[in-house]
Amino acid sequence: AAVLVLLAWDLPDDAAAGQSATTPAATTAPLSLASGVSADITVGISPNGVLVITIPSDVAGAYDEDVLVLSALALAEMELGVDHTSVTSILLQQR
């Protein structure tokens with residue numbers, strides 16, 4: 001199954017709030033890179049299968065999108081019980 005990655009780095013506050021309202025379950029965890037960059041990422045899943053990944057804007061450029069997506073999928077599976085085959089799309093956003 002193909003997964004669409006939507007890049008929404010500069011969502012207006014009201015758009016981010018609307019997305020959060022449709023994300024019933026979410027979890028936050030630290031993600032550290034070998035380069036020493038570290039930040040808390042928040043991962044949630046909407047009722048229609050959108051995996052929402054939120055990362056602080058001050059470190060967003062330091063993270064590779066593939067690393068973020070794979071880490072978020074693992075976190076969603078471990079902490080939220082999300083089956084990766086139920087993910088219909090992925091939204092990356094900054095806070």
Side-chain angles (χ1 to χ4, degrees):
V3 175
L4 172 66
V5 177
L6 304 172
L7 299 178
W9 290 114
D10 295 310
L11 286 177
D13 289 341
D14 56 340
Q19 185 63 46
S20 298
T22 62
T23 306
T27 188
T28 300
L31 179 61
S32 299
L33 298 177
S35 65
V37 175
S38 181
D40 287 343
I41 64 167
T42 301
V43 177
I45 188 80
S46 73
N48 59 352
V50 177
L51 187 71
V52 180
I53 306 165
T54 307
I55 186 166
S57 59
D58 60 334
V59 295
Y63 287 92
D64 180 76
E65 292 166 11
D66 293 339
V67 170
L68 284 172
V69 169
L70 292 174
S71 299
L73 284 168
L75 186 60
E77 186 172 344
M78 291 186 306
E79 297 294 323
L80 303 175
V82 173
D83 180 358
H84 70 277
T85 61
S86 68
V87 174
T88 58
S89 57
I90 298 171
L91 173 67
L92 295 173
Q93 63 184 9
Q94 291 181 7
R95 65 172 178 275

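One is the number of the first residue; the rest follow in order along the sequence. Just so it is clear, the structure is predicted and the values come from calculations on it, not from any experiment.
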So, for [X] and [Y], which heavy atoms are closest and what is the spacing to 0.1 Å?
| X | Y | value |
| --- | --- | --- |
| T42 | A26 | CG2-CB, 4.3 Å |
| A39 | V59 | CB-CG2, 3.4 Å |
| A76 | V43 | CB-CG1, 3.9 Å |
| S89 | V87 | O-CG1, 3.4 Å |

Exercise for the section: Give the intermediate values and the outcome of side chain to side chain contact (heavy atoms under 4.5 Å, CB included) for residues D40 and R95. Expected result: CA-CA 11 Å; D40 287 343; R95 65 172 178 275; 4.1 Å; yes

Handout entry: Intermediate values then yes/no, side chain to side chain contact (heavy atoms under 4.5 Å, CB included), S71 and L75
Key = CA-CA 6 Å; S71 299; L75 186 60; over 6 Å; no

Ignoring hydrogens and geometry, is there a side-chain-to-backbone donor-acceptor pair from [X] to [Y] under 3.5 Å?
| X | Y | answer |
| --- | --- | --- |
| T54 | Q94 | no |
| T88 | G49 | yes |
| Y63 | I55 | no |

Completion exercise
So CG of D83 and CD1 of I45: to nearest 0.5 Å the spacing works out to 10.0 Å

Practice task
Look up atom CG in L68 and atom CG in L31, then write down how far apart they are to the nearest 0.5 Å.
Solution key: 6.5 Å

Problem - Verify same cluster id: M78, L70 (apolar side-chain graph, 4.5 Å) - result: no

